[in-house]
Amino acid sequence: VIESATVRDLKALIGADHVLAPDQARRYGHDATASAGLRGSPDAVALPASAEEVASVVAWCYARDTPIVPRGAGTGLAGGATPTAGGVVVSLERLNAVRSFEPLLWRLQAEAGVRTATVRRLARENGLLFPVDPGAGEESHIGGNIATNAGGPHCFKYGTMRAWTTGVEVVLAPGELVRFGGPLRKDTAAYDLTGLMCGSEGTLGIVTAAWLRLTPSPNVQAPVCAFLPDGAAAAQALQAIMASGVTPSAIEYLDPATMRIAGRSFPAEIGTDPGFLIIAEVEGTDADRGELCDALERTVMTDPRALWRWREGVSHAVGAHRGGKLSEDIVVPLDRFADGVEGIIDIGRRHDLEACSWGHAGDGNLHGTFLLDPTDPVEQRRAAEAAESLFGLARALGGSVSGEHGLGVLKSGQLERQLGRAGAAAHEAVKRALDPKGLFNPGTKVAAGPVWRPAVAASEKS
Ligand SMILES: Cc1cc2nc3c(=O)[nH]c(=O)nc-3n(C[C@H](O)[C@H](O)[C@H](O)COP(=O)(O)OP(=O)(O)OC[C@H]3O[C@@H](n4cnc5c(N)ncnc54)[C@H](O)[C@@H]3O)c2cc1C
């Protein structure tokens with residue numbers, strides 16, 4: 001096999017063992033949306049071991065107009081790490097050192113390829129909490145969490161990745177290693193470029209390390225489950241919880257259609273059609289839990305570990321029900337929660353698809369889902385159309401087309417519809433300023449489209 005110039009040059013830069021040719025790079029051609037039929041093919045995969053090596057790879061690509069696709073663990077649900085335009089996938093997996101950990105100062109510096117679960121475990125073993133808990137946290141990387149501004153159930157109280165990132169080390173075009181922020185709890189000297197990197201989905205540069213903030217771990221975590229008749233009652237319960245004076249760490253929901261599928265394995269006796277489930281977790285005293293129970297009715301107590309394990313499996317159970325699903329993570333303002341939940345069912349009805357939703361109720365983050373047979377092209381097309389209607393619903397309710405997964409390739413083109421021309425132009429100006437050649441993750445996030453739609457949406461999870 002004749003080696004391409006790209007592979008040969010990159011091997012000279014970072015070592016022959018750390019560059020993969022296209023025929024060795026299959027698993028780097030997709031992320032967790034592979035089941036949706038989205039795959040790309042890189043010209044090469046670079047596996048640098050240091051920030052300096054990342055900078056040298058970026059400099060090589062930038063000088064030769066070669067697309068650069070940063071990659072964490074590939075658990076993303078928007079196709080963001082998929083090399084749809086070819087180019088060099090830069091995998092951060094070998095930058096996996098915790099550079100420093102100072103539990104008494106509640107802070108840690110980690111390279112981009114450190115797993116989310118590693119940071120959470122280190123914190124926990126030292127009486128601290130790193131609250132960012134995406135469902136794929138056992139695999140996902142800190143760099144990927146920053147690039148998607150990841151959340152999870154507990155970001156209702158604690159906020160998303162941005163809230164826990166005090167600084168980033170980044171490789172920018174045309175191959176410069178820079179640092180924004182650091183182990184500082186405050187810093188107003190500069191523009192908030194740390195914040196800009198959070199949620200930038202690899203379109204502005206490559207995060208090589210981050211300074212993270214930690215907090216003391218709560219002693220008690222007690223989830224309270226309440227069953228309600230419908231979305232309107234759930235919306236009222238949501239407001240009652242927020243008015244109770246207790247700050248829950250998480251407020252999750254599963255609509256009745258989801259409960260009919262996933263409720264069978266709920267870790268308590270609830271019957272076959274239990275209604276609309278709200279889970280509110282409180283970290284505090286028994287009195288706080290009492291306040292929450294008073295704010296809700298028909299409460300059920302369960303073992304917290306069993307409950308969260310069950311909650312993590314919901315997406316899989318729903319996907320398995322008909323073999324496939326298309327799920328998108330829209331956000332609506334809290335006062336439109338019931339409209340969002342009911343709107344999803346209505347869209348399913350209009351497109352002749354079984355629909356359901358669940359998600360992070362306290363954040364108004366709804367995983368609107370359409371069930372389908374992945375071997376049926378007609379259902380796939382209807383699901384793609386239903387997803388477009390879902391994005392329209394989010395916009396109509398004053399919400400957003402994504403609360404967690406980002407736009408990636410799957411939703412590129414949606415930004416202008418949501419923000420209008422002037423809002424999209426501001427994003428394009430930022431992109432041009434930091435990536436004048438448009439080489440970082442082309443076709444992603446700020447790209448004007450066309451909107452890519454999956455051929456098959458089998459078992460994506462969210
Ligand atoms: C089962 C399951 C459950 C999930 N649950 C949640 C959830 O609850 N909340 C949530 O927010 N997400 C969730 N996700 C989505 C996903 O786990 C997160 O988006 C995660 O943060 C992605 O991290 P990653 O390392 O896998 O990134 P990747 O998938 O590798 O990349 C994601 C994006 O970030 C870019 N990127 C990656 N690393 C870097 C870097 N170092 N520098 C610059 N850009 C980079 C990529 O180019 C891509 O655009 C879930 C996914 C699955 C499969």
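The analysis underlying the following values was restricted to heavy atoms, covering all of them including side chains, and did not include hydrogens, waters or symmetry mates. Whatever order the structure lists them in is the order used to number ligands and atoms, beginning at 1. If you're wondering where the values come from, they're calculated on a predicted model, not measured in any experiment. Residue numbers start at 1 and run along the sequence shown.
At a 3.5 angstrom cut-off on N or O pairs, Val207 counts as close to ligand 1. No N or O atom of Asp133 sits closer than 3.5 Å to an N or O atom of ligand 1. Taking any N or O of Ser140, backbone or side chain, none lies under 3.5 Å from an N or O belonging to ligand 1. At under 3.5 Å, a nitrogen or oxygen of Thr148, whether backbone or side chain, sits near a nitrogen or oxygen of ligand 1. Checking only distances, Ile206 never comes within under 3.5 Å of ligand 1, N or O to N or O. In terms of N/O distances under 3.5 Å, ligand 1 is approached by Gly151. Taking distance alone, with nitrogen or oxygen atoms compared against 3.5 Å, Ala112 stays at or beyond that limit from ligand 1. In terms of polar-atom proximity, Pro70 is counted as a contact of ligand 1, with an N or O under 3.5 Å from an N or O of the ligand. Looking at ligand 1, you won't find any N or O of His360 less than 3.5 Å from one of its N or O atoms.
Side-chain atoms of Glu252 and His360 include a donor-acceptor pair closer than 3.5 Å. Under the 3.5 Å distance criterion, with hydrogens and angles disregarded, no donor-acceptor pair is assigned to the side chains of Thr444 and Ser412. Between the side chains of Asp43 and Thr6, no donor-acceptor pair of N or O atoms lies under 3.5 Å. Donor-acceptor pairing under 3.5 Å is lacking for the side chains of Glu139 and Thr75. A donor atom on one side chain and an acceptor atom on the other are not found under 3.5 Å apart for His367 and Asp329.
Not a single heavy atom of Thr444 sits closer than 4.0 Å to an atom of ligand 1. Residue Gly137 places no heavy atom under 4.0 Å from ligand 1. Residue Val69 places every heavy atom at 4.0 Å or more from ligand 1. At least one heavy atom of Gly74 lies less than 4.0 angstrom from ligand 1.
Looking at Asn145 against ligand 1, both its backbone and its side chain come within 4.0 Å, counting heavy atoms. Both the backbone and the side chain of Thr75 come within 4.0 Å of ligand 1, counting heavy atoms alone. Contacts between Thr116 and ligand 1, counted as non-hydrogen atom pairs separated by less than 4.0 Å, are absent for every part of the residue.
A salt bridge links Arg417 with Glu388: the closest approach of a Lys/Arg side-chain nitrogen to an acidic carboxylate oxygen falls below 4.0 angstrom. Salt-bridge formation is detected for the pair Glu169/Arg99: a Lys NZ or Arg NE/NH1/NH2 atom is positioned less than 4.0 Å from an Asp or Glu carboxylate oxygen. Under 4.0 Å is where a charged nitrogen must lie from a carboxylate oxygen, and between Glu111 and Arg94 no such pair does. Between Arg322 and Glu379, at least one side-chain nitrogen of the basic residue sits less than 4.0 Å from a carboxylate oxygen of the acidic one, meeting the salt-bridge criterion.
Within the listing of ligand 1, atoms 43 (C) sit less than 4.0 angstrom from a heavy atom of Gly205. Taking every heavy atom of Ala81 and a limit of under 4.0 angstrom, the matching atoms of ligand 1 come to 30 (O), 31 (O), 48 (C), 49 (O). Listed by atom number, the atoms of ligand 1 under 4.0 Å from Gly76 heavy atoms are 26 (O), 29 (O). Per-residue contacts place Ala147 under 4.0 angstrom from the following atoms of ligand 1 (heavy atoms of the residue considered): 34 (O), 35 (C), 36 (N), 44 (N), 45 (C). Each of the following atoms of ligand 1 lies closer than 4.0 Å to a heavy atom of Gly80: 47 (O), 48 (C), 49 (O). Contact atoms of ligand 1 toward Asn441: 47 (O), 49 (O) (distance under 4.0 Å to a heavy atom of the residue). The Ala150 neighbourhood of ligand 1 comprises atoms 11 (O), 21 (O), with distances under 4.0 Å to a heavy atom of that residue. Which parts of ligand 1 touch Leu92 is read off a 4.0 Å heavy-atom cut-off, strictly below it: atoms 41 (N).
The two residues Ile261 and Val318 have their closest heavy-atom pair at CG2-CA, 4.1 Å.
Listed by first then second residue, pairs satisfying salt bridge (charged side-chain N to carboxylate O under 4.0 Å, His left out) with a partner in residues 196-216 read Glu201-Lys445, not counting sequence neighbours.
In this structure, the side chains of Glu416 and His427 stay at 4.5 Å or more apart for every pair of heavy atoms.
Within the model, atoms CG of Asp9 and CH2 of Trp60 stand 5.5 Å from one another, a figure rounded to the nearest 0.5 Å. Separating the CG atom in Leu77 from the CG atom in Asp31 is a distance of 7.0 Å, to the nearest 0.5 Å.
Applying ring pair (Phe, Tyr, Trp, His ring centres under 6.0 Å) to Tyr253 and the options Trp358, Phe156, Phe337, Phe227 leaves one that passes, Phe337.
Of the candidates His30, Lys445, Glu404, Glu404 brings a heavy atom nearest to atom 10 (C) of ligand 1. Nearest-heavy-atom check against atom 4 (C) of ligand 1 across Ala32, Gly135, Gly202 picks out Gly135.
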